[in-house]
Amino acid sequence: MERRRVKIATFNINGIRPRLDALLKWLERESPDIVCLQELKATDAQFPADAIANAGYGALWHGQQSWNGVAILAKDAEPVLSRRGLPGYEDDTHSRYIEAAVGGLLIGCLYLPNGNPQPGPKFDYKLAWFERFNAHAKALLDSGHPVVLAGDYNVVPTDEDIYNTRSWLKDALLQPESRAAYADLLAQGWTDALRKTFPDERIYTFWDYFRNHWQTNSGLRIDHLLLSKDLAKKLEGAGVDKWVRGEPHASDHAPTWVTLKLGRTRKKAGAA
DNA sequence: ATGCCTAACTAAGTTAGA
């Protein structure tokens with residue numbers, strides 16, 4: 001059977017308006033097929049739909065004033081909306097989840113709450129959001145659809161996913177509760193594609209703006225792509241486009257991606 | 001224990017990020 005390769009990326013852009021040029025440059029250079037964006041920091045009306053369309057991408061977005069905001073982009077295709085927001089969380093005022101079908105895949109794009117400072121109401125919100133997300137992830141997995149859950153999870157899964165834990169021990173990203181929620185999610189049967197591809201390497205996706213952390217490669221791995229069971233078998237490669245983080249006025253995150261080998265054609269039921 | 005750096009909102013200073 002003929003195969004097609006699909007590249008799926010997640011990128012916390014930290015403001016789509018000040019970094020639109022950086023986004024377009026990255027799209028042009030790396031040509032991802034499907035993109036999950038987080039931290040748009042823009043209302044729906046402020047989303048640069050024309051520029052993204054001119055770059056050859058269809059898009060769906062879920063914005064809000066000043067903070068949060070997520071979007072799904074598809075090259076030469078229009079993503080088909082599955083949902084905005086998590087089910088049963090209609091009172092959530094934050095725009096943190098959008099889901100769409102693209103090219104036979106179901107793509108969930110998430111921006112999980114940061115949760116700092118902890119303990120406190122923001123950490124409580126993070127854990128509550130995580131619980132609702134995991135419940136939805138379980139339903140997606142049980143549905144049997146090919147699913148990718150990509151985004152900024154705001155969790156450093158293990159001590160192997162950070163340059164040094166010393167100054168982060170009290171941070172919400174490393175708390176046992178945050179890590180347990182992520183471990184529970186993986187235990188449903190999802191594959192963490194970056195860790196699967198690089199089982200023994202330090203891989204980072206975020207370098208904060210402080211203390212020359214980029215220049216000293218003092219990073220964290222918090223942007224994750226999770227694959228449903230059938231898709232995990234089709235995982236071909238993964239990586240981080242670190243050059244984007246080195247650009248002037250860059251986001252503090254770098255685009256993180258996987259490539260999947262998918263069948264071009266699906267056998268019809270009853271076909272030989 | 002806090003600031004470091006960056007952006008939004010708005011017009012100097014706070015809030016949020018992670």
Side-chain angles (χ1 to χ4, degrees), chain A residues 10-23 26 36-48 61-71 92-97 109-130 133 150-182 194 202-224 240 242 244-256:
Chain A
T10 180
F11 182 21
N12 181 322
I13 196 168
N14 189 17
I16 196 167
R17 287 174 289 162
R19 277 183 259 283
L20 178 59
D21 289 346
L23 173 64
W26 170 66
C36 295
L37 296 176
Q38 303 87 33
E39 281 209 84
L40 303 177
K41 295 185 175 177
T43 63
D44 284 341
Q46 291 168 329
F47 186 83
W61 56 95
H62 182 30
Q64 75 176 78
Q65 178 84 10
S66 300
W67 309 116
N68 309 314
V70 286
D92 188 4
T93 56
H94 297 201
S95 297
R96 296 184 176 275
Y97 188 73
C109 171
L110 68 143
Y111 175 46
L112 210 134
N114 170 292
N116 282 308
Q118 76 78 33
K122 292 191 176 181
F123 191 61
D124 295 341
Y125 173 65
K126 175 183 193 146
L127 296 180
W129 204 97
F130 220 143
F133 177 72
D152 178 355
Y153 283 72
N154 268 316
V155 175
V156 175
T158 75
D159 288 353
E160 311 305 310
D161 299 301
I162 183 169
Y163 65 102
N164 187 326
T165 61
R166 204 170 68 109
S167 58
W168 297 85
L169 288 174
K170 291 187 174 179
D171 195 281
L173 278 62
L174 277 74
Q175 291 316 296
E177 297 94 329
S178 308
R179 289 178 161 181
Y182 188 74
L194 269 288
R202 298 268 171 167
I203 305 290
Y204 306 135
T205 67
F206 164 84
W207 299 257
D208 73 28
Y209 292 122
F210 304 153
R211 296 165 293 220
N212 289 318
H213 274 168
W214 166 247
Q215 290 79 356
T216 58
N217 193 30
S218 302
L220 286 64
R221 191 174 75 93
I222 57 177
D223 300 278
H224 307 304
V240 180
K242 287 180 68 173
V244 176
R245 182 61 180 85
E247 294 278 283
H249 309 294
S251 168
D252 38 9
H253 296 249
T256 305

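Predicted, not measured: the structure shown is a model, and the values here were computed from it.
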Worksheet item: Excluding sequence neighbours, so at least two apart, what forms salt bridge (charged side-chain N to carboxylate O under 4.0 Å, His left out) with A/D92?
Response: none
Item to complete: Sequence neighbours left out, what passes salt bridge (charged side-chain N to carboxylate O under 4.0 Å, His left out) with A/R179? Give chain and number order.
Response: A/D159
Practice prompt. Give a yes or no answer on whether the side chain of A/Q175 reaches the backbone of A/L169 with a donor-acceptor pair at less than 3.5 Å.
Written response: yes
Between [N] and [X], is there an OP1 or OP2 to side-chain N/O distance shorter than 4.0 Å?
X	N	result
A/N114	B/dG17	no
A/R19	B/dA7	yes
A/Y111	B/dA18	yes
A/K122	B/dG17	yes

Just how far, in rounded Å, is [atom2] of [N] from [atom1] of [X]?
X	N	atom1	atom2	result
A/N12	B/dA16	CG	P	17 Å
A/Q64	B/dA16	CD	C1'	12 Å
A/N14	B/dA8	CG	C1'	11 Å
A/R17	B/dA8	CZ	C1'	7 Å
A/Y125	B/dA18	OH	C1'	16 Å
A/W67	B/dA18	CH2	P	10 Å
A/N116	B/dA16	CG	C1'	11 Å
A/Q65	B/dA16	CD	P	14 Å

Discussion item. Testing the 3.5 Å rule here: is there a donor-acceptor pair between the side chains of A/N114 and A/K126?
Written reply: no
Discussion item. Reading DNA chain B from 5' onward, which residue's closest nucleotide shows up sooner: A/Q46 or A/Y209?
Written reply: A/Y209
Worksheet item: A/G15 or A/D208: which one's nearest nucleotide on DNA chain B is closer to the 5' end?
Response: A/G15
Practice prompt. Determine if A/F210 stacks with B/dC5; use a centre-to-centre distance below 5.5 Å and an interplanar angle below 30° as the criteria.
Written response: no
Worksheet item: Taking the inter-plane angle between the rings of A/W129 and A/F133 on a 0 to 90° scale, is it parallel (under 30°), tilted (30 to 60°) or perpendicular (over 60°)?
Response: parallel
Worksheet item: Parallel, tilted or perpendicular for A/Y163 and A/H213, by the 30°/60° rule?
Response: tilted
Please report the distance separating the [atom1] of [N] from the corresponding atom of [M], rounded so that it comes out in whole Å.
N	M	atom1	result
B/dA18	B/dT2	C1'	15 Å
B/dT14	B/dA1	P	23 Å
B/dC4	B/dG13	P	15 Å

Worksheet item: Looking at A/V244 and A/P255, what are the two nearest heavy atoms and their distance?
Response: CB-CD, 3.6 Å
Practice prompt. Specify the residues of residues 167-175 of chain A, ordered by number, for which at least one heavy atom lies under 4.0 angstrom from an atom of DNA chain B.
Written response: A/K170, A/L173
Worksheet entry | Within residues 212-221 of chain A: residues closer than 4.0 Å to DNA chain B (heavy atoms) | none
Fill in: 4.5 Å side-chain heavy-atom contact, A/I222 and A/T205
yes
Fill in: Sub-4.5 Å side-chain heavy-atom contact between A/D223 and A/N12
yes
Worksheet entry | A/Y153 and its ring-ring contact (aromatic ring centres under 6.0 Å, His included) partner, picked from A/F206, A/Y111, A/Y182 | A/Y182
Discussion item. What contact category does A/D152 fall into here, base, sugar-phosphate, or nothing, at under 4.0 angstrom with non-hydrogen atoms?
Written reply: sugar-phosphate
Worksheet item: What do the steps show when you test A/N14 against A/K41 for side-chain hydrogen bond (donor to acceptor under 3.5 Å, both in side chains), and what is the final call?
Response: CA-CA 7 Å; A/N14 189 17; A/K41 295 185 175 177; 2.8 Å; yes
Fill in: By side chain to side chain contact (heavy atoms under 4.5 Å, CB included) - contacts of A/Q65 (at least two apart)
A/T43
Fill in: Helical stems, DNA chain B - three or more consecutive Watson-Crick or G-U wobble pairs below 3.5 Å
B:5-9 with B:13-17
Item to complete: Check every atom of B/dC9, B/dA18, B/dA7 against the side chain of A/P18 and return the nucleotide holding the closest atom.
Response: B/dA7
Item to complete: Among the candidates B/dG17, B/dA18, B/dC4, find the nucleotide nearest to the side-chain atoms of A/R211.
Response: B/dC4
Discussion item. Show, in sequence, the C-alpha distance, side-chain angles and deciding distance for A/N217 and A/W207, and conclude whether the side-chain hydrogen bond (donor to acceptor under 3.5 Å, both in side chains) test is met.
Written reply: CA-CA 7 Å; A/N217 193 30; A/W207 299 257; 3.0 Å; yes
